[in-house]
Structure formats: structure tokens, C-alpha cells
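This report refers to the structure that appears directly beneath it.
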Amino acid sequence: MSEAVEEARVDADDGVEAPLEHVVEALLFLSGDPLSARELADATAADEEQIAAAVDLLAEQYAPGRRGLRLRELAGGFTLATDPASEPAARRLFSRPRVSTLTPAQAETLAIVAYLQPISRPEMTRIRGVSADSAVATLLERGLIEEAGRSQFGAVLYRTGTLFLKLFGLDTLKDLPDVAQWDPTPQEQAELRERLLRAGEARAGGGPGGVEE
Amino acid sequence: MSEAVEEARVDADDGVEAPLEHVVEALLFLSGDPLSARELADATAADEEQIAAAVDLLAEQYAPGRRGLRLRELAGGFTLATDPASEPAARRLFSRPRVSTLTPAQAETLAIVAYLQPISRPEMTRIRGVSADSAVATLLERGLIEEAGRSQFGAVLYRTGTLFLKLFGLDTLKDLPDVAQWDPTPQEQAELRERLLRAGEARAGGGPGGVEE
Amino acid sequence: MSIATLELDLDLFSGPFDLLLTLILREEIDLLELPVADVVLAYLDHLEARGELDLETATEFIVLIAALLELKSRLMLGGEDEELLDLEPGEAAEELLARMLDARRYRSAAGHLRERLAAEEGVRFRSVALPAHLRRADVELREGSQDPAMLGEALGRLLALPPAISLRHILVPRVSVAERLAHLRGLLHRGRFTFEEAVQGADRMTVAVTVFALLELYRRGEAVWEQQESFGEISVHATAPSLAPAERLAG
């Protein structure tokens, strides 16, 4: 069967035959979550090579600007999504905004979960320096993070879910840039350390702050 | 404007312009219900004549056999639906019996209900140290737990149902295993509910800024 | 609102809170001269005016005030922090640097995430329920397929008490200034006492808070203290109620 990639067709039970890319398109339309090549292959009884060819064909048909929809590769699978150009009309029709934006506290908490998952709330708080409670509650409610069991000390752990990848346009967590890229250069770090050290010594050796007479 | 039907475009707020049929396609894709020409016209700020032209164009693109989806007119509106040829694949993908596994949060919540029933949601939350709301919703939906009246304070109480017993191969609730073998502090004498609440509160207190005195 | 924009009108300073912090860090305002309590009172006034408590800003405020208090207590205890600061300056610098890097990393990552989300603005996904005949047979659960032991285990985990959390890295006030004030006033009834006596057997935080309380007594003109030599004993005694603090200072 694999020699005939371009003609891969799916036999329906009732004898109707459809090109594989049509069937893949229909499945992507029906599914709420992105579908992986493996899932598509299982459902269509095709092999992954054939699925790849069908997806390529669809990607061409749904290339930006050609239709009102786009084929996206997100959260480890393929999915159909609207072209942003239709957003104003969608907002008028559904009167529900897509995702409201994140507050700085929510974004920071989400970043910590995304990079350090699974992670508990006390750990998030330690890194942020302020409570992560209300941010965690909101992120949970919006489905951006989810529970991921408990730590050995009994604290609930959290991780990001499929919705996070979908909404942020990521295929996998590996697509997130390395956090180290935001670190200051070694030279800047050395200067910073030097300054902190001087400040500490000044304070330690600075004598009484003029309180006693 | 109506003289230029073929060039009808929708201005997005941010200046992106898309051909009307793309926007209509996106709206039909998003909507679960058929959309009337009137609704489409309102959402896109086009007139019905322009909508009719856009729909004609889409009908052609989605003519039977050309894609995996079809444009259908029903209930006084338009809708996108899958081509019947993809039906067997869709059934394979979506109707296969899934090995239903409980998430850690669901297992935990189910255990609390099983051993302490009838029990209210606030109490489950106190024992878990975090909200049990979404786990309760899923367990209810799956028929593993059910409502069992209200507490004296008016909170809904929950208990396990017959499906629960069947799933776990139990004749009665008395067949639930004795917790003693998993008890980390077997020397404690207090009642199970009492001890669970105490541990839960200790965990919740260990949260952000959570400090034991 | 962010705590940064809290408007303050103090004797020493008038303007937004974040400017005050900046000036303190640049040492253009002497923290020793700033009554931190006045800042807290200004915030409480603000809360009262608003009529609601925003937990997020409240925590932010508490953290900032705690940091200010810690800084101030270190400044005040400058000469004798051998026993009060268990971190060497080098260690402290490393610790601070590590914390700054961590905070900076995830703040930057948060900025990146916000940009990503903005770039996806207007992308919508279809979330329409499957046609009835395709719905997953979710509850098609096989009888006896689940092990009841799983439930017992889950409950056993919930019975475990969490271990005590080490707080060595955080300074948490466990004693209030009010408590220490009452303590000092009690001692003042005797007319005179040494600081050593006042903090006998107390932990590091209590010592710091006691210094605050002492400072407060001094500000109110209830007590003065003297120290004969550097690192020497500090002796505290009550002032005559008629004397204003300024005169005491001059004397």
C-alpha cells in the first residue's frame, strides 16, 4: 500500500472512497484537540508516511491568505484554526473575547510553571518572592495549568496542559526559548556580585547607624 | 458598495483585510449552529447580497468531493459539516472505548468520597488543601459519584453510586480496603475524617508564606 | 492598582511608593529616619478609602515592607551583627545574586509569554461538541477493572502530615512590635534596664523587633539609651514625661 502514497484513499464501510487528505481534514474539523500523526494514521488505517503527505497537501491548501482557516501544528499534533483577520467579525458574532490577556503576576506564574513543571505552589512563591495563590487559581480556572499529582511532601504539583500550548502557538514545551538567554552576561553578573559584596561589607563594617549617641 | 460584490472585503480593526468569503468560512467553522445570511451580514458588516455571493463562492469550493467538508444549508442557515465518506474514520477515532484512567486529583477526590460519604465539596477541598471542584465535576459527569442531599448548612453532599461499586468490583462499601495498611502515622487514634482534615489544613498552611508557628 | 503607585504624604517624603523605594536604595533618603509605620498607616488609609482588599497588592505590600524592615533592622544593628547575621557578606552577595537572577529569568520569560499570546491574538479554535453518534463512550468502563487498593493508597497519602518547612531563608516576624513594646514598657517600670536583659534568650528576629520597639519608645519620648563604648552594653532608661524628645537628643 505504501508505494501508492499519492493515491492513498480511505475506504468507507459503505464503499464510498475519499482521498486521505479529505478524511484528515474532516477529522481535524471534528476534533477539539490537536491530532497527532499517529492518531490520524490509526483512525484512517494509513501509515504515517501517507499521513505526512496528506498533511502537506492540506498545509498547502490552507496556506496563509488562501482561506479563512489555517492548518497549525500545535501541542504535538495538527489542528485547524481561524485566520486572525476574521477576529473582529468573530468577536461581533460570538461576543466572547478569545482569551483575555494575562496580568503580570499570572504571566510570571505561568512562566515558572512552564519552565519548572511539575512545581508546587510554595516553590512558585519562593521564586516570585510574593504569593502565587490567586494567579494559580485563575490559571487553573482558565485551564492553562492543571494538577500533576503531589510532591513527596504532599504539596500539589502543577503543569501546563494542552490548552497552554494551543493558545501560545507552541508545538511542544521545547519550543520555549532557553531561560538562560535572559541572564545578564558573566561580566555583568560579576559586576553585580561585586556591587552586592561591597554593599554588604559597607553595611557590616559601617558602624552604628547613628542611633546611639 | 454593493456594486463591488466580488471585492467585498472585511476590514479587521488592525488594518488586516480579508476577502469576505474567508471571514464567512471562519465564522461557519467556529459556530456549532447554522448561521443565517442576516447573522453573517451583521457580523461582517456586509450586506446580504454580498453574503450571498460569498456563500456561493464557498459552496463551489466545498462542492461534494472537493474537500473533506461540505457547506450545507439547513434550518434557514449555513453550516460546515464533514463529508459522509470520513464517517468510518471518525468513528474509529472518537468512539473507540478509551481506557479510562483517573487523574491523580480525581482518584484522590473519589477516595475521599468513597471513605467519608456523604461529604460536601468544601470538606473535600479542606482535606485536599486545594480545590476539588473540577474533579467533582468530572466524577459526577462519569456517574462515579452522585448527589446525596444537603448538609445542615445547605452544602450539597456527595456519595458514590452503583457504577462505582461495579467499576471497582465491590459488593458493598464495607468491602473497601482498610486504610490502615497505607497509614503513614498508624499510632494516631482520632477518627479518619478528623485526621484527614487536620492533615489537609496543615498542607494548605504550607502554601505561600505558609509558615508553621 | 499596583502598590508602586500608592501615594504617600509623609513628613520626610511625599510622592509615590516606588519613588520612595528608589530613593532609599540610592541612599538619598535615610531609611533610619523613615518611620515605616507611617507608610503602613498610609496604606491602611488607602485600603479604607477603597473599601476592598486586593490580596495581590496586599501581599506585594507586605513583602516590600518586610524587606524595608529587614534592611532597617540591619542598618540599626550595624555594629553588632556578628551574631545577628549568620551570612558572611560574600555568602549574602551570592544568595542575593542567585535570587535576583531567578526573579529576572522568570520575569523575562513572562514577558516572552505575553508577547507570544499577543502574537496569537485572533486565532480561534473550534470547540463544538461532537455529533451525538460520535461521542466517546467515556463511561464504558469495564466492571472490576479498577483496583480498590488505589483508593486506600490515595487516602493514605492524604493522611501524611507535611514536614516542617525550613524558614531559614525567609525572615518571618513571629513577634509583633506591639508585644515587644509592652515587654519594654514593663521593664521600664523598673526605671532602667540593659538591652541584653530585654532580649535574653530571644531569637534573632525577636532581637530585631525589640530594636524597633526601642526605637519607637525613643520616637515617642518614653525612653533614651546610652552606650559607653562600641560593642558595649546598651542601657535604657525612662525619660521624664515632660521632656520632649528633641531636648533629650540635644542633651
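Order of the sequence lines sets the chain letters (A, B, ...), proteins ahead of strands, with each chain counted from 1.
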Can you tell which part of A:D175 gets under 4.5 Å to a heavy atom of chain C, answering side chain, backbone, both or neither?
backbone

When the 4.5 angstrom heavy-atom criterion is applied to A:L163 and chain C, the contacting part is neither

If you measure from OG1 on A:T103 to CZ on C:R114, what distance do you get to the nearest 0.5 Å?
7.0 Å

From C:H112 NE2 over to A:L176 CG, what is the distance, rounded to the nearest 0.5 angstrom?
6.0 Å

Calculate, to the nearest 0.5 Å, the distance between atoms CG and OH belonging to A:L116 and C:Y106 respectively.
3.5 Å

Point-to-point distance, once rounded to the nearest 0.5 Å, from CG of A:L80 to CZ of C:F125
10.0 Å

Backbone N or O of A:T82 within a donor-acceptor pair of the C:R124 side chain at under 3.5 Å?
no

Is it true that, when you exclude A:Q189 itself, more than 12 heavy atoms of the residues, nucleotides or ligands shown sit nearer than 6.0 Å to its CD?
yes

Given a strict heavy-atom distance threshold of 4.5 Å, which part of C:R126 is in contact with chain A: side chain, backbone, both, or neither?
both

Which portion of C:L158 sits near chain A, non-hydrogen atoms under 4.5 angstrom:
side chain

Looking at CH2 of A:W182 and CG of C:L101, how far apart are the two atoms once the value is rounded to the nearest 0.5 Å?
14.0 Å

A:L167 CG to C:E121 CD distance, which is reported to the nearest 0.5 Å:
11.0 Å

Where on A:R70 is there a heavy atom nearer than 4.5 Å to chain C: the side chain, the backbone, both, or neither?
neither

Check: C:L113 and A:L102 side chains under 4.5 Å, non-hydrogen atoms
no

Using a cut-off of under 4.5 Å on heavy-atom pairs, state which of A:S151, A:S134, A:G169, A:G32 scores highest against chain C.
A:G169

For the candidates A:L30, A:T79, A:L69, which exhibits the highest count of non-hydrogen atom pairs separated by less than 4.5 Å from chain C?
A:L30

Quick check on C:E197: does its CD atom have over 12 non-hydrogen neighbours (other residues, nucleotides or ligands) under 6.0 Å away?
yes

C:R105 with A:D183: basic N within carboxylate O range, under 4.0 Å:
yes

Near A:Q181 CD, under 6.0 Å, is it more than 12 heavy atoms from other residues, nucleotides or ligands?
yes

